[in-house]
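To start, the structure under review is shown below, and the notes come after it.
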Amino acid sequence: MGNKKTVSVLGLGRMGSALANALVQEGYEVTVWNRTSKTIENTRSVATPQEAFKSDVVVTCLSTYDVQQPLLTNEIRTLVNLTSGTPEEARRTARWAKDNGVEYVDGVIMAVPQQIGTPQSKILFSGNENHHVLHAFGEPVHVGEDAGLAALYDLALLGIMWATFGGYLQAVALVGSEGITPEKFTPMATSWLNEMSTLLPEMGEETHTRKYETDVSALDINVSGLRLLAEANREQGLDTTIPRALHDLFERAQRNGHGNHSIASVIEEIRK
Ligand code: NAP
């Protein structure tokens, strides 16, 4: 163990358990606390958060900030907060830490529990540049001085994930309504997604320069396409929430003068 810091983990759900196990693997002396009794091999379980606060570093991984905040006290020396929240929740906790003399690191986990401690796991963190024990969980990536930035990146990236998964599930339901299996359809979907992802740098540039002239595909034609998508889903007896939401947003941008512009112009509507 040598002179390694002692670490406590608060919250032994799916993710917290993976974090505690990764710390053990890295040779840390680990104390764990969970609301309902739970044990992790080669760690010391304590009955109260206060007992866990005696460690040099306290890692929190609870379901929400609402659950976490009442547990925190100024007995903590260093708090590594890995509970997901909004940027404002992170900033509020950073202010609380400063006011209470607690060193604070705000991090978000861009991985699933099974990836913790592998090269696939990235831990974005912001505010304090000292990443303390984060290296045990994956590659720590500092994203800025403002403590809210890790949460901002987290939600931005998860937003892409949820929109993609929602689009995929809608597509599987649509082709499935005619008996086409996910097994047959998914290779087409992944190849299409890979192709689409190559368009993002140019789209990003357009949102930055706000120049939306296009000789590729105008918003008008995409609004028509989304109308067809919603209609086809309705005809096949499926829910139309996702295509209608996209249609309505794109159509608003069209009404506001972007019909002849590229899809990137929809950001003008989002920024309102
Ligand atoms: P989870 O399996 O549902 O575990 C939730 C944890 O919060 C458990 O330890 C639970 O304790 C505790 N908890 C819930 N309500 C509580 C309360 N009122 N008082 C005290 N403790 C309470 O969730 P998870 O997947 O581990 O996620 C934990 C955090 O990691 C979340 O913020 C999540 O967004 C983030 N995260 C998760 C993943 C993932 O893939 N799972 C990925 C990235 C980030 P009990 O065991 O007693 O219920």
Side-chain angles (χ1 to χ4, degrees), residues 7-25 30-53 55 57-73 75-76 79-94 96-97 104-127 131-143 147-166 168-169:
V7 188
S8 285
V9 178
L10 257 61
L12 298 176
R14 292 166 189 83
M15 187 53 90
S17 299
L19 302 180
N21 278 315
L23 288 164
V24 170
Q25 287 297 315
V30 182
T31 299
V32 294
W33 174 84
N34 198 53
R35 172 182 57 170
T36 50
S37 168
K38 207 165 171 188
T39 53
I40 302 272
E41 217 176 311
N42 297 319
T43 68
R44 185 174 72 97
S45 297
V46 290
T48 64
Q50 281 64 36
E51 289 171 79
F53 296 163
S55 295
V57 176
V58 173
V59 176
T60 51
C61 190
L62 295 149
S63 48
T64 63
Y65 274 63
D66 287 347
V67 160
Q68 172 171 297
Q69 200 58 38
L71 303 177
L72 305 181
T73 74
E75 293 155 273
I76 300 172
L79 174 62
V80 175
N81 175 21
L82 295 176
T83 296
S84 301
T86 67
E88 200 38 50
E89 283 178 316
R91 290 185 193 114
R92 221 179 295 138
T93 310
W96 170 87
Y104 183 67
V105 180
D106 197 283
V108 299
I109 303 164
M110 305 314 299
V112 295
Q114 292 69 16
Q115 293 172 316
I116 292 300
T118 73
Q120 283 75 45
S121 169
K122 301 264 182 296
I123 315 293
L124 310 185
F125 69 109
S126 53
H131 60 65
H132 292 281
V133 297
L134 291 181
H135 60 90
F137 309 139
E139 184 194 339
V141 181
H142 190 249
V143 293
L149 286 180
L152 191 77
Y153 274 95
D154 183 40
L155 291 170
L157 291 168
L158 289 173
I160 297 175
M161 179 186 82
W162 287 316
T164 306
F165 288 174
Y168 169 72
L169 294 174

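The analysis underlying the following values was restricted to heavy atoms, covering all of them including side chains, and did not include hydrogens, waters or symmetry mates. Just so it is clear, the structure is predicted and the values come from calculations on it, not from any experiment. Note that ligands are numbered from 1 as they come in the structure, with each ligand's atoms numbered from 1 the same way.
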**Any residue meeting side chain to side chain contact (heavy atoms under 4.5 Å, CB included) with T164, in chain and number order, not counting sequence neighbours** = I160, L193

**Asked** Taking atom CZ of R35 and atom OG of S63, what is their separation to the nearest 0.5 Å?
**Response** 7.0 Å

**Message:** For H132, give me all partners under ring-ring contact (aromatic ring centres under 6.0 Å, His included), at least two apart in sequence or on another chain.
**Reply:** none

**Complete:** Contacts of E139 meeting salt bridge (Lys or Arg N to Asp or Glu O under 4.0 Å) (sequence neighbours excluded), chain-then-number -> K122

**Message:** For E89, is there an ion pair with R92 - N to carboxylate O distance below 4.0 angstrom?
**Reply:** no

Hey, what polar pairs (N/O, under 3.5 Å) does ligand 1 make with protein?
| unit_1 | atom_1 | unit_2 | atom_2 | d |
| --- | --- | --- | --- | --- |
| ligand 1 | 2 (O) | R14 | N | 2.9 |
| ligand 1 | 2 (O) | R14 | NH1 | 2.7 |
| ligand 1 | 3 (O) | R14 | NH1 | 3.4 |
| ligand 1 | 7 (O) | S63 | N | 3.1 |
| ligand 1 | 9 (O) | L12 | N | 3.2 |
| ligand 1 | 9 (O) | G13 | N | 3.2 |
| ligand 1 | 9 (O) | N34 | OD1 | 2.7 |
| ligand 1 | 18 (N) | R35 | NH1 | 3.4 |
| ligand 1 | 26 (O) | R14 | N | 3.1 |
| ligand 1 | 26 (O) | M15 | N | 2.8 |
| ligand 1 | 32 (O) | L62 | O | 3.0 |
| ligand 1 | 32 (O) | S63 | O | 3.3 |
| ligand 1 | 32 (O) | S84 | N | 2.9 |
| ligand 1 | 32 (O) | S84 | OG | 3.3 |
| ligand 1 | 34 (O) | S84 | OG | 2.6 |
| ligand 1 | 46 (O) | N34 | ND2 | 2.9 |
| ligand 1 | 46 (O) | T36 | OG1 | 3.4 |
| ligand 1 | 47 (O) | R35 | NE | 3.1 |
| ligand 1 | 47 (O) | T36 | N | 3.1 |
| ligand 1 | 47 (O) | T36 | OG1 | 2.7 |
| ligand 1 | 48 (O) | R35 | NH2 | 2.8 |

**Prompt:** Would you say the side chains of E51 and T48 form a donor-acceptor pair under 3.5 Å?
**Reply:** yes

